[in-house]
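Following: one structure in structure tokens, then a few remarks.
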Amino acid sequence: MLEMTAAAARRTALAAQGFADARPSAAPTRRHLLKAVGRTSLLQIDSVSVAVRAHYMPVFSRIGAYDRGLLDDAAWRHTTAKPRALVEYWAHEAALIPVGDWPLLRWRMRAYAGGRWAGERKVLERNPALIRDILDVISAVGSASAGDIERHLEIDRGRRAGPWWDRSDTKVICEQLFAAGALSVDRRVGFVRHYDLADRVLPAGVVSSRIDDEDAVRELIRRAARSLGVGTEPDLRDYYRLSRAQAAAAIADLVEEGTLVPVTVRGWGAPAYRHVEARTPRRITGAALLCPFDPLVFFRPRTERIFDFHYRLEIYTPQHKRVHGYYVFPFLLDGELVARVDLKADRGADALHALGAFAEGEHGHGRVGESLASSLREMADWLGLSDVRVGERGDLAAALADRV
């Protein structure tokens with residue numbers, strides 16, 4: 001069996017995610033954006049906007065300062081000249097995926113037909129007529145938000161308690177129809193989903209495509225392996241949130257056909273599989289800030305195994321119990337995670353705030369501080385912020401403050 005060192009496996013993983021690719025020498029284009037998404041296979045979507053929405057950041061981490069409108073157009077705008085390239089669906093979590101990958105998740109759509117979670121099923125049971133009403137409104141008026149639909153149906157919601165804990169039945173059913181594949185997301189306005197019939201959002205050939213469930217899962221594992229480079233069975237199945245049974249059968253098939261090569265990675269303590277086309281550069285150079293939902297780090301056990309970097313999102317941890325901060329970005333430098341920084345984009349102050357900065361292990365503060373300062377300046381410019389400000393928390397804060 002092929003044996004790899006942990007360092008070689010790390011470089012393989014980074015190359016698969018696009019961190020060995022040269023950044024564009026001029027302003028990135030749609031082609032550069034789609035190449036980056038081709039590396040990751042998906043972009044996770046999350047509602048947190050304290051720094052920047054999660055789906056924008058992985059592209060920036062790989063190709064540098066690009067026009068976020070390129071991503072908006074690729075996902076939420078369709079023209080004859082530039083057809084929609086990405087579409088929303090439940091992949092790892094809520095995510096943007098290539099339009100052509102949508103049929104690979106039909107088995108999940110069927111599984112969600114009766115509701116994605118218990119509360120959703122209860123809403124469906126008490127409002128069977130609302131499903132047809134929603135579909136009738138969208139059929140008649142086209143792309144619409146849940147609020148638009150309620151106005152067409154003359155539903156008075158009264159006073160709302162909050163945006164998340166007080167979802168209307170209309171919104172819940174729209175989300176269920178989206179999960180079941182009846183609706184898709186045509187566009188977003190202020191991050192609000194505007195739903196339309198799936199066959200009006202997606203090309204006819206994509207909507208009509210039917211793929212056997214086993215073949216679809218095998219293709220998802222193939223894509224996961226391509227984007228991971230090398231990974232364990234849990235790594236491969238987590239990428240699209242597959243079950244152990246689904247992954248085991250698909251991995252066995254891909255090993256038999258030669259797409260996956262079983263390998264032993266020293267220090268991993270678990271069998272691994274390398275994509276047959278994965279490359280292992282001799283070195284990885286460059287710097288990148290990674291958002292908490294970047295595909296390189298969103299599966300935390302893999303992050304710890306590959307980078308010896310214990311990483312947890314502390315959003316839901318009470319403030320006085322947080323170790324590093326609310327929304328912490330790992331910092332990648334020359335192939336290693338060398339620091340982490342708690343970031344907030346303060347539009348009112350026209351500044352990117354590094355509320356806390358922490359060095360990892362024995363990495364020197366001077367070199368890391370200088371590189372991190374440069375990356376923060378680049379990110380601030382990309383976000384249209386004039387200043388970078390550094391707080392006092394963390395052992396790297398002083399070195400960073402001296403350099404911004």
Side-chain angles (χ1 to χ4, degrees), residues 8-25 27-45 52-68 70-71 73-75 85-89 91-93 95-102 104 219-231 235-236 238-241 254 259-260 272-299 302-303 306-307 329-330 332-337 375 382:
R10 183 171 61 249
R11 296 195 304 274
T12 303
L14 286 162
Q17 283 282 312
F19 289 102
D21 297 346
R23 286 191 173 191
S25 57
T29 64
R30 179 183 173 100
R31 178 178 63 83
H32 295 115
L33 180 146
L34 295 179
K35 180 181 177 182
V37 178
R39 293 290 195 193
T40 65
S41 297
L42 55 84
L43 298 173
Q44 187 171 336
I45 299 171
V52 62
R53 298 282 186 191
H55 55 287
Y56 293 117
M57 189 67 196
V59 177
F60 171 75
S61 301
R62 288 155 179 79
I63 68 174
Y66 71 102
D67 180 356
R68 280 171 284 168
L70 293 173
L71 181 52
D73 286 351
L86 306 173
V87 68
E88 293 188 40
Y89 193 63
H92 178 76
E93 292 287 340
L96 290 169
I97 59 173
V99 164
D101 287 358
W102 189 83
L104 297 176
E219 286 305 311
L220 293 174
I221 290 288
R222 193 192 309 274
R223 281 157 174 69
R226 182 190 63 201
S227 292
L228 293 172
V230 59
D235 295 343
L236 292 168
D238 177 78
Y239 213 78
Y240 288 96
R241 294 293 167 87
L254 291 170
T259 298
L260 293 184
Y273 304 89
R274 183 179 185 273
H275 192 282
V276 68
E277 296 176 358
R279 61 192 182 101
T280 306
R282 299 181 73 173
R283 61 195 300 250
I284 298 284
T285 59
L289 287 158
L290 307 173
C291 80
F293 303 104
D294 191 290
L296 183 67
V297 296
F298 62 29
F299 187 41
R302 175 177 169 86
T303 304
I306 291 182
F307 295 101
F329 284 56
L332 178 71
L333 180 62
D334 295 342
E336 297 184 80
L337 295 181
S375 291
W382 175 57

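Every value quoted in this text rests on a predicted model; they were computed, and no experiment measured them. Keep in mind that the numbers below use all heavy atoms, side chains included, and drop hydrogens, waters and symmetry copies. In this chain, residues are counted from 1 in sequence order.
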For this session: For side chain to side chain contact (heavy atoms under 4.5 Å, CB included), just list the numbers for L254 and R222, CA-CA rounded to whole Å, side-chain angles, deciding distance to a tenth of an Å, and then say yes or no.
Result: CA-CA 8 Å; L254 291 170; R222 193 192 309 274; 3.6 Å; yes
Problem set entry | Distance (rounded to the nearest 0.5 Å) between R10 CZ and E336 CD | 5.0 Å
Problem set entry | Separation between CG of D334 and CZ of R283, rounded to the nearest 0.5 Å | 6.5 Å
Exercise. Do you know which two heavy atoms are closest between V59 and L33, and how far apart they sit?
Worked result: CG1-CG, 4.3 Å
Seminar exercise, completed: Closest heavy-atom pair, L337 versus P330, reported as atoms and distance to 0.1 Å, is CD2-CB, 4.2 Å
Exercise. Is there side-chain contact between F329 and P292, with heavy atoms separated by less than 4.5 Å?
Worked result: yes
Problem set entry | side chain to side chain contact (heavy atoms under 4.5 Å, CB included) assessment of M57 paired with W382 | CA-CA 10 Å; M57 189 67 196; W382 175 57; 3.9 Å; yes
Problem set entry | Minimal non-hydrogen separation, L34 against A74, with atom names | CD2-CB, 4.5 Å
For this session: Check whether any side-chain N or O of R11 sits under 3.5 Å from a backbone N or O of T280 as a donor-acceptor pair, and report yes or no.
Result: no
Exercise. Hey, does R223 have a side-chain heavy atom less than 4.5 Å from the side chain of S227?
Worked result: no
Exercise. Passes salt bridge (charged side-chain N to carboxylate O under 4.0 Å, His left out), E93 versus R241? Steps please.
Worked result: CA-CA 8 Å; E93 292 287 340; R241 294 293 167 87; 2.4 Å; yes
For this session: Test V52 against F60 for side chain to side chain contact (heavy atoms under 4.5 Å, CB included), laying out the working first.
Result: CA-CA 11 Å; V52 62; F60 171 75; over 6 Å; no
For this session: Would you check if L332 and I284 make a side-chain contact, meaning some heavy-atom pair closer than 4.5 Å?
Result: no
Seminar exercise, completed: Rounded to the nearest 0.5 Å, the OH atom of Y240 sits from the CD atom of E219 at a distance of 10.0 Å
Exercise. Which heavy atom in R279 sits nearest to a heavy atom in A20, and how many Å separate them?
Worked result: NH2-CB, 3.6 Å
Seminar exercise, completed: dist R302:CZ -> D235:CG (nearest 0.5 Å) comes out at 4.5 Å
Problem set entry | Minimal non-hydrogen separation, L236 against A224, with atom names | O-CB, 3.6 Å
Exercise. Would L104 and Y89 satisfy side chain to side chain contact (heavy atoms under 4.5 Å, CB included), going step by step from the backbone distance to the final call?
Worked result: CA-CA 11 Å; L104 297 176; Y89 193 63; over 6 Å; no
Exercise. Between S61 and L289, is there a donor-acceptor pair closer than 3.5 Å when you use the side chain of the first and the backbone of the second?
Worked result: yes
Exercise. If you look at every heavy atom in L296 and T303, which pair is closest and at what distance?
Worked result: O-OG1, 4.0 Å
Exercise. Out of curiosity, S41 OG to Y239 OH, how far, rounded to the nearest 0.5 Å?
Worked result: 5.5 Å
For this session: Go through D73 and R30 one step at a time and tell me if the salt bridge (charged side-chain N to carboxylate O under 4.0 Å, His left out) criterion holds.
Result: CA-CA 9 Å; D73 286 351; R30 179 183 173 100; over 6 Å; no
For this session: Would you check if there is a donor-acceptor pair between the side chains of T12 and R274 at a distance under 3.5 Å?
Result: no
Problem set entry | H55 side-chain N/O to A95 backbone N/O, donor-acceptor pair under 3.5 Å | no
For this session: Please check if the distance between the ring centroids of Y66 and H32 is under 6.0 Å.
Result: no
Problem set entry | Sole candidate of D101, V37, I97 that passes side-chain contact (heavy atoms from CB on, under 4.5 Å) when paired with L42 | I97
Problem set entry | Inter-residue atom distance L290.CG - Q17.CD, 0.5 Å rounding | 9.5 Å
